[in-house]
Amino acid sequence: MCYSVMVETDLKRLAEFHGASIDFNDLLNILHQKAKGDLTIKIPKPFKTSIESLLGKGFLNPKDSTLAERCLETWNLCDRQDHGRLLSKIKLQEEHLRELEAKWAAKASKTAEKKRDTAARVLAKLHQDLKAYENKPIPSDRPANIFQYNWAPLLISNLESPEHPPIIRFHRYQVRPRGSEVEPPAHINMFNARLDSLQVRKTWNPLFMRRHGILSLRGFYEWVPDPETKKPRVIRFSESDGSLFRVPALHETWHDPNHQQPPIHSFAIVTTEPPPEILESGHDRCPVVIGAEDLATWLQPTDKDLVMDLLQKPYSIHFKGDWARP
């Protein structure tokens, strides 16, 4: 599986790379939901910087410019809310740490010391998070690491008008099947779709040959054994020259049958057997990579045999592995 993926965050580059438009209206709906208190929605901050850059360069048409500006306004509101929640957490954690320090001072013990040290580490992490709001904006050209349940821009066909250019719409990295009454638990991997299960697994079969997308990556992360310590360690795989590459995905839209919650757009990337350089590093899976010449065949599938052939093509790129932090 892909522990996490490094996505391209420069929306202008993505739009030009794929000849696509950006669905700002849908992004605005997602941000509105976050502003209303849905704390599960996590979109990397470089995308906010990317939208600011788009507006500054006059890249957008008037309609999209208006929507992009509203996205930024709502995003700023979300940031202020997150900042306030973080300050409250810090205040509560400081009070908790003072109580633990007092207990340890009154009666020193290993248990009391352990609780105090743990609380101190939690407080230090909260202060690190607070600095993120005080630092300069993250550059829009810096890739972002996307984990399960994070949101990322997916290239999809215009389902209402397939003859029109594709669109870039934010989706969540973990599929929620359209008929699910509850959110599948996190321990169930629904963000990687094995190539050999696309036509047999009940989650993927309704999407295969119907709802295809493309995720643009700079790399992906896996847990592999460290050759020296034999302990699991995170490794980052990227193309040898660091360039962008395309990964096929399946996407879904969940609708609340009771009409109490907004739709959830979600996706999973297609994975397969790895090339030799990844297998030698100690991992047995890898995202499928497709070339620009196969883009239309994947996004607007008509011939199943042709689609399966392109998914099973030999890798056109060579991956390099670098040790990384989790």
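All values reported here derive from a predicted model rather than from experimental measurement.
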Colleague: Could you tell me whether D10 and K12 make a salt bridge, using a distance below 4.0 angstrom between a side-chain N and a carboxylate O?
Modeller: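 Judged by the 4.0 Å cut-off on N to carboxylate O distance, D10 and K12 do not form a salt bridge.
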
Colleague: Quick one: pull up CG in D38 and CG in L31 and give me the separation to the nearest 0.5 Å.
Modeller: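 These two atoms lie 11.5 Å from each other.
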
Colleague: Within the side chain of Q93, is there an N or O that forms a donor-acceptor pair under 3.5 Å with the backbone of A119?
Modeller: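 Indeed, once roles are kept as given, a pair shorter than 3.5 Å links the two residues.
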
Colleague: Is R246 salt-bridged to D294, cutoff N-O under 4.0 Å?
Modeller: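 Result for this pair is no, no salt bridge flagged.
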
Colleague: Could you verify whether a donor N or O on one side chain and an acceptor N or O on the other, from H318 and S240, lie under 3.5 Å apart?
Modeller: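 Yes, S240 and H318 have a side-chain donor paired with an acceptor closer than 3.5 Å.
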
Colleague: As an exercise, state the distance from CG of N158 to OG of S21, rounded to the nearest 0.5 Å.
Modeller: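 Rounded to the nearest 0.5 Å, the CG-OG separation comes to 7.5 Å.
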
Colleague: Decide whether V122 and L130 are clustered together by the hydrophobic rule: side chain heavy atoms of Ile, Leu, Val, Met, Phe, Trp, Tyr closer than 4.5 Å, transitively.
Modeller: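 Same hydrophobic cluster.
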
Colleague: Between R210 and N205 (side chain of the first, backbone of the second, donor and acceptor by atom type, cut-off under 3.5 Å), is there such a pair?
Modeller: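 Yes; at least one donor-acceptor contact below 3.5 Å.
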
Colleague: Consider only side-chain heavy atoms of I, L, V, M, F, W and Y, link residues closer than 4.5 Å, and tell whether L87 and L123 are in one cluster.
Modeller: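 The answer is yes; both residues are in one hydrophobic cluster.
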
Colleague: Is it true that a side-chain atom of H171 and a backbone atom of R169 form a donor plus acceptor pair closer than 3.5 Å?
Modeller: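 Pair found, side chain donor or acceptor close to backbone of R169.
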
Colleague: Find the distance between NZ (K115) and NE2 (H96) and round it off to the nearest 0.5 Å.
Modeller: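 So the NZ of K115 and the NE2 of H96 are separated by 8.5 Å.
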
Colleague: Ignoring hydrogens and geometry, is there a side-chain-to-backbone donor-acceptor pair from K230 to P227 under 3.5 Å?
Modeller: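 Yes.
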
Colleague: So, K34 and D82, do they make that salt bridge, N to O below 4.0 Å?
Modeller: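 Judged by the 4.0 Å cut-off on N to carboxylate O distance, K34 and D82 do form a salt bridge.
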
Colleague: Between E273 and R285, is there a salt bridge with N-O shorter than 4.0 Å?
Modeller: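 The answer is yes: the pair qualifies as a salt bridge.
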
Colleague: Would you check, one step at a time, whether the test salt bridge (charged side-chain N to carboxylate O under 4.0 Å, His left out) holds for K313 with D309?
Modeller: CA-CA 6 Å; K313 277 185 176 181; D309 285 344; over 6 Å; no

Colleague: Between T271 and N192, is any side-chain donor less than 3.5 angstrom from a side-chain acceptor?
Modeller: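 No donor-acceptor contact under 3.5 Å links the two side chains.
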
Colleague: Within the supplied structure, the quantity of interest is the number of heavy atoms (other residues, nucleotides, ligands) at a distance under 6.0 Å from E293 CD; does it exceed 12?
Modeller: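 Yes, enclosed.
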
Colleague: What is the minimum heavy-atom distance between Y221 and M6, and which atoms define it?
Modeller: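 Taking every non-hydrogen atom into account, OH-CE, 3.1 Å.
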
Colleague: Please check this pair: side chain of Q148 against backbone of A186, looking for a donor-acceptor N/O pair closer than 3.5 Å.
Modeller: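 Yes, Q148 side chain to A186 backbone: donor-acceptor pair under 3.5 Å.
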
Colleague: Side chain to side chain contact (heavy atoms under 4.5 Å, CB included) between M308 and Q312: does it pass, once the steps are laid out?
Modeller: CA-CA 6 Å; M308 289 302 296; Q312 297 177 65; 3.6 Å; yes

Colleague: Does the pair E183/R172 count as a salt bridge with the N-to-O cut at 4.0 Å?
Modeller: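 Between R172 and E183 there is a salt bridge, with a charged N closer than 4.0 Å to a carboxylate O.
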
Colleague: Distance-only, no hydrogens or angles: does the S88 side chain make a donor-acceptor pair with backbone N or O of G84 under 3.5 Å?
Modeller: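 Checked: pair present.
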
Colleague: Mark yes or no for whether D256, through its side chain, and Q260, through its backbone, hold a donor-acceptor pair below 3.5 Å.
Modeller: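 Yes.
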
Colleague: Is the cationic atom of R233 (NZ for Lys, CZ for Arg) positioned less than 6.0 Å from the six-membered ring centroid of W223 and within 45 degrees of its normal?
Modeller: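 R233 over W223 ring: no.
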
Colleague: Are a donor atom and an acceptor atom from the side chains of S216 and H18 found within less than 3.5 Å of each other?
Modeller: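 Yes.
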
Colleague: Any chance the side chains of T118 and R121 put a donor and an acceptor closer than 3.5 Å?
Modeller: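 Yes - a donor-acceptor pair under 3.5 Å links their side chains.
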
Colleague: Side chain of H251, backbone of S266: donor and acceptor closer than 3.5 Å?
Modeller: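 Between the backbone of S266 and the side chain of H251 there is no qualifying donor-acceptor contact (under 3.5 Å).
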
Colleague: When the ring centroid of F319 is compared with that of F245, is the distance short of 6.0 Å?
Modeller: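 Yes, the ring centres sit under 6.0 Å apart.
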
Colleague: Evaluate whether atom CZ of R70 has more than 12 neighbouring non-hydrogen atoms of other residues, nucleotides or ligands under 6.0 angstrom away.
Modeller: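 Count not over threshold, so no.
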
Colleague: Give the intermediate values and the outcome of side chain to side chain contact (heavy atoms under 4.5 Å, CB included) for residues L55 and L60.
Modeller: CA-CA 7 Å; L55 288 169; L60 303 175; 4.1 Å; yes

Colleague: Could you tell me whether the side chains of S243 and R218 share a donor-acceptor contact shorter than 3.5 Å?
Modeller: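 No, R218 and S243 have no side-chain donor paired with an acceptor closer than 3.5 Å.
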
Colleague: What are the two closest non-hydrogen atoms of I43 and F170, and how far apart are they?
Modeller: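 Minimum heavy-atom contact is CG2-CE2, 3.8 Å.
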
Colleague: Is the closest side-chain heavy-atom distance between E222 and F237 below 4.5 Å?
Modeller: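 Yes, at least one pair of side-chain atoms sits under 4.5 Å.
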
Colleague: Hydrophobic cluster membership, with links at side-chain heavy-atom distances under 4.5 Å among I/L/V/M/F/W/Y: are L92 and L100 in one?
Modeller: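 No.
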
Colleague: Does the side chain of E113 come within less than 4.5 Å of R116's, by heavy atoms?
Modeller: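 In contact.
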
Colleague: Using a 3.5 Å distance criterion without hydrogens, assess whether the side chain of S109 forms a donor-acceptor pair with backbone atoms of A112.
Modeller: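 At least one qualifying donor-acceptor pair exists.
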
Colleague: If you draw a 6.0 Å radius around CD in E95, do more than 12 non-hydrogen atoms from other residues or ligands fall strictly inside?
Modeller: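 Correct, the count exceeds 12.
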
Colleague: Using every non-hydrogen atom in the two residues, find where S4 and I146 come nearest and quote the distance to one decimal.
Modeller: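 Nearest pair, atom of S4 first, then I146: CB-O, 3.1 Å.
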
Colleague: When you look at F267 and F191, which way does the ring-ring contact (aromatic ring centres under 6.0 Å, His included) test go after all the steps?
Modeller: CA-CA 7 Å; F267 76 96; F191 53 92; 9.4 Å; no

Colleague: Hey, could you give me the CD1/CG distance between I214 and L154, rounded to the nearest 0.5 Å?
Modeller: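 The CG atom of L154 is 8.0 Å from CD1 of I214, to the nearest 0.5 Å.
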
Colleague: Looking at every non-hydrogen atom in both residues, tell me the closest pair between P287 and Y315 and how far apart they are.
Modeller: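 For P287 versus Y315, the nearest heavy atoms are O-OH, 3.1 Å.
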
Colleague: Any chance you could measure L207, atom CG, to L198, atom CG, to the nearest 0.5 Å?
Modeller: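 Spacing of CG (L207) from CG (L198) equals 9.5 Å.
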
Colleague: For this output row, return yes or no: ring centroids of Y149 and Y173 closer than 6.0 angstrom.
Modeller: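 So the answer is no for these two rings.
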
Colleague: Under 3.5 Å, side chain of S53 to main-chain N/O of T49, donor-acceptor pair present?
Modeller: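 Such a contact is absent between S53 side chain and T49 backbone.
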
Colleague: Would you give the length of the straight line joining atom CD1 of I264 to atom CD of E252, rounded to the nearest 0.5 angstrom?
Modeller: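 Answer for the CD1-CD pair, I264 versus E252, is 11.0 Å.
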
Colleague: What's the shortest heavy-atom distance between C286 and F220, and which atoms?
Modeller: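 Smallest interatomic distance, heavy atoms only, reads SG-CZ, 3.8 Å.
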
Colleague: Is R178 positioned over the aromatic face of W254, cation under 6.0 angstrom from the ring centre and no more than 45 degrees off axis?
Modeller: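 No, a cation-pi geometry is absent between R178 and W254.
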
Colleague: With side chain to side chain contact (heavy atoms under 4.5 Å, CB included) as the test, would you mind laying out the steps for W323 and V224 before giving the verdict?
Modeller: CA-CA 10 Å; W323 294 116; V224 300; 3.6 Å; yes

Colleague: Does a sphere of radius 6.0 Å around NZ in K45 hold more than 12 heavy atoms from other residues, nucleotides or ligands, not counting ones at 6.0 Å or beyond?
Modeller: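 For K45, atom NZ is crowded (more than 12 foreign heavy atoms under 6.0 Å).
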
